[in-house]
Amino acid sequence: MKELLLIKLKNHDELDRDDMRFLLETGDQDLRNALMESAYRMKKKHVGVSVYFRGIIEFSNQCSRDCSYCGIRRSNEDIKRFRIPMDEIVEAAVWAHESDYASILLQSGERRDSDSINFVETALKNIWQATNGALRVTLSLGDQTEETYRRWHEAGAARYLLRIETSNADLFSKLHPDDPDHAQRKQSLVFLRNTGYQVGTGVMIGLPGQTTDDLIDDICFFRKMDIDMIGMGPYLVHSDTPLAAEVFDYHPEHQLELGLRMIALTRLFLKDVNIAATTALQALAHDGREQGIMAGANVIMPNLTDVRYREGYQLYDGKPCMDENATQCRGCLTDRVNSTGENIAFGEWGDAPHYVKRTQAVGV
Ligand code: 5AD
Ligand code: FES
């Protein structure tokens with residue numbers, strides 16, 4: 001098995017489920033390193049050696065949902081809720097533009113009331129106006145109606161990130177007792193695509209109750225849904241959440257390793273998509289995001305949120321970079337990326353080649 005797998009990895013031959021299971025579980029360092037090397041070569045071939053920055057603005061921790069793993073869930077009464085005022089959001093976007101980021105991500109808890117929907121729509125229009133439409137804006141604002149996706153797209157959002165969290169419908173229901181409908185989440189990804197967005201999804205890796213086969217299904221799900229962007233990372237415990245009580249044998253090194261192997265396998269399996277080295281990786285090792293880059297990721301999201309709001313936006317314990325402002329984050333991540341031998345594609349949108357190909361193919 002080992003020899004055969006080494007050859008497959010070297011030749012970039014298609015991996016089957018048994019191969020993937022083995023590669024996710026093996027303790028063999030040669031195989032592990034061959035997986036990373038193979039994924040990195042695949043990345044170079046399809047998306048190059050540039051890393052794209054997406055400046056992230058976590059503009060509100062108000063949330064109407066009660067996900068069992070998440071620190072800003074509605075039932076958590078220990079945090080102060082905030083929404084960053086409009087002018088500060090636009091200011092952060094302008095800073096990103098002037099810092100040559102070319103692309104930003106607006107993220108918040110999930111809210112579907114008309115005040116929130118209008119607020120986002122206005123923010124998008126204001127950002128468009130203040131930057132002459134120069135920024136590619138991604139939204140990560142949870143599950144919304146088709147109508148809302150359309151309005152936000154028309155107001156200037158080009159990409160949407162909606163994690164499926166897990167492709168296992170039963171596990172999804174357990175994690176989301178307040179809204180357990182997995183099929184609906186899947187349908188939202190279809191709506192997003194039909195609306196014209198570049199569509200991103202992702203999962204949490206190493207959840208209690210999640211099996212290796214679930215993880216393989218996750219990667220197959222990404223391909224089946226023809227996804228353009230992947231944002232996934234290890235599950236991290238937040239002590240004030242119900243899921244924390246279900247975590248018995250939690251090994252940070254194992255979570256990190258599983259996260260990296262999932263990135264590598266996803267790169268090998270999907271080839272030309274954008275994959276983020278998420279902050280969750282850095283919560284587990286100071287160089288976790290660099291390791292993500294070396295495993296096949298090509299996107300990093302420097303935090304633009306003003307430090308005074310960061311305390312209130314902790315989805316999990318041990319979030320890194322709580323005190324570094326946007327300028328410090330830019331410098332720190334630039335050094336980190338350069339240390340991997342890659343360069344940052346400042347000033348470039350960095351649309352996923354996968355998206356470019358699929359839209360060209362149908363003449364959109
Ligand atoms: N550990 C890791 N990721 C988390 N997220 C939320 N809570 C956690 C946690 N405890 C992720 C979810 C969500 C994204 C915004 O953050 O996958 O979609
Ligand atoms: Fe806010 Fe899950 S707790 S979307």
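Quick note: numbers below take in every heavy atom, side chains included, and nothing from hydrogens, waters or symmetry partners. Note that ligands are numbered from 1 as they come in the structure, with each ligand's atoms numbered from 1 the same way.
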Close-contact set for ligand 1 against Pro234 heavy atoms, below 4.0 Å = 2 (C)
State, without any angle test, whether Asp272 and His354 hold a side-chain donor-acceptor pair at a distance under 3.5 Å.
-> yes
Atoms of ligand 1, numbered as shown, that sit under 4.0 Å from any heavy atom of Met204 | 2 (C), 3 (N), 4 (C), 5 (N), 8 (C), 17 (O)
Non-hydrogen atom of Glu165 closer than 4.0 Å to ligand 1 | yes
Quick one: does Ser116's side chain have a donor or acceptor within less than 3.5 Å of a partner on Arg112's backbone?
-> no
Would you say the side-chain atoms of Asp214 and Thr211 include a donor-acceptor pair closer than 3.5 Å?
-> yes
Nearest protein heavy-atom contact for atom 9 (C) of ligand 1: which residue, which atom, what distance?
-> Leu236 O, 3.4 Å
Contact check, side chains of Cys70 and Arg65, non-hydrogen atoms, under 4.5 Å | no
Asp213/Arg17 salt bridge by N-O under 4.0 Å criterion | yes
Under 3.5 Å between some N or O of ligand 1 and some N or O of His238?
-> no
Applying a strict 4.0 Å limit to heavy atoms, is Gln107 in contact with ligand 1?
-> yes
Test of proximity, Arg163 against ligand 1: N or O pairs below 3.5 Å = yes
